[in-house]
Amino acid sequence: MRPRIADYPALRFRRLRRTPALRALAQEVVLSPGDLIWPVFIRDGKGMEEPVASMPGVNRLSVDLVVKAAERAAALGIPAICLFPYTDPGLKTEGCEEAWNPDNLANRAIRAIKAAVPEIAVMTDVALDPYNANGHDGIVRDGVILNDETVEALVRMALVQAEAGADILGPSDMMDGRIGAIRGALEAAGHKDVAIMSYAAKYASAFYGPFRDAVGASGALKGDKKTYQMNPANSDEALRLVERDLSEGADMVMVKPGMPYLDICRRVKDTFGAPTFAYQVSGEYAMIRGAALNGWIDGEKAMMESLLGFKRAGCDGILTYFAPEAARLLRG
Ligand code: PBG
């Protein structure tokens, strides 16, 4: 039980809001560059920096330039970078074989970054959508997304990513049983220290639109992802998914998208106390950036307020396209 607080005028909340010094003393949560994971889009070629139309300020980078980006991120104190490949449509198949090609774009980028900037953690995306002729995260047969066949493919994909030197694997596919299968395969192959950040509570969201443009999956996707991604109306289910993924060997869990799901972040953190992350997704970035570019909001302030909200909701860290910009501001 809390003691009863004093009444006005003994209690005036404005006393501690009067000056920056008093506000700093009374501040409950802080945001720092160490809380940020930077998602980046990669593409083939050399010296390529290609703007993503629906995400102003975000580019697809060729491997040589993503290495430079990783160097800048490390210098800013950003602990991790997360790679998303834009795959040549010619490499997309129904079987998604390119996903476990040891020399695919993502694996080449992992090796290049780990060779040049070993101190930054490299996180991957474990899902078939960039490689799938159907645009889905799973293997499709007769219009049905197959769970167990997809898990087998994801295991192959995870193993080559670990082999390439990934520090954190990010299964984002929402198939059942994938965390246990990947964890078992990693142990058996001697990759005992590769971490898994499970996209445990990933909702079927309209806020992923710009991302699908960025990785070139929008055109390919037939239908929607509602048979594997979560119903936005559900909250208890998120807790059951997180519990399941932690029990199967996830080291960290993620809630995605971010801002419309801060209640889920709080419940997950309070219930399990596990390392909890939120993904401020492409549509969230586009809304803030788009409004700022139109002069409708102060973009920097809105960015920082949105990121602080994740810390207040109990998150240990945030995946955000704003990472370098936010880190620069936080470092003054
Ligand atoms: C797919 C994947 C998606 C995102 C990350 N991994 C999109 C989807 O599920 O369709 C979205 C990220 C974002 O919108 O920024 N494996």
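One-based numbering, in listed order, for ligands and for the atoms of each. For the single chain, residues carry numbers from 1 onward in sequence order.
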Give a yes/no verdict on a cation-pi contact between Arg60 and Phe41, requiring under 6.0 Å between NZ or CZ and the six-membered ring centre and an angle within 45° of the axis.
no

For Lys92, salt bridge (Lys or Arg N to Asp or Glu O under 4.0 Å) partners two or more places apart:
none

Evaluate side chain to side chain contact (heavy atoms under 4.5 Å, CB included) for Leu154 paired with Thr150, printing each intermediate quantity in order.
CA-CA 6 Å; Leu154 295 171; Thr150 299; 3.9 Å; yes

For Glu98 and Thr87, test the side chains for any donor-to-acceptor distance below 3.5 angstrom and give the result as yes or no.
no

Got a sec, which residues hit ring pair (Phe, Tyr, Trp, His ring centres under 6.0 Å) with Tyr203, two or more places apart in sequence or on another chain?
Tyr261

Residues in contact with ligand 1, criterion: heavy atom under 4.0 Å:
Phe84, Asp125, Ala127, Asp129, Asp137, Ser172, Lys202, Phe207, Tyr208, Phe211, Arg212, Lys225, Gln229, Lys256, Tyr279, Val281, Ser282, Tyr321

Applying salt bridge (Lys or Arg N to Asp or Glu O under 4.0 Å), name anything that partners Arg43, two or more places apart in sequence or on another chain.
Glu50

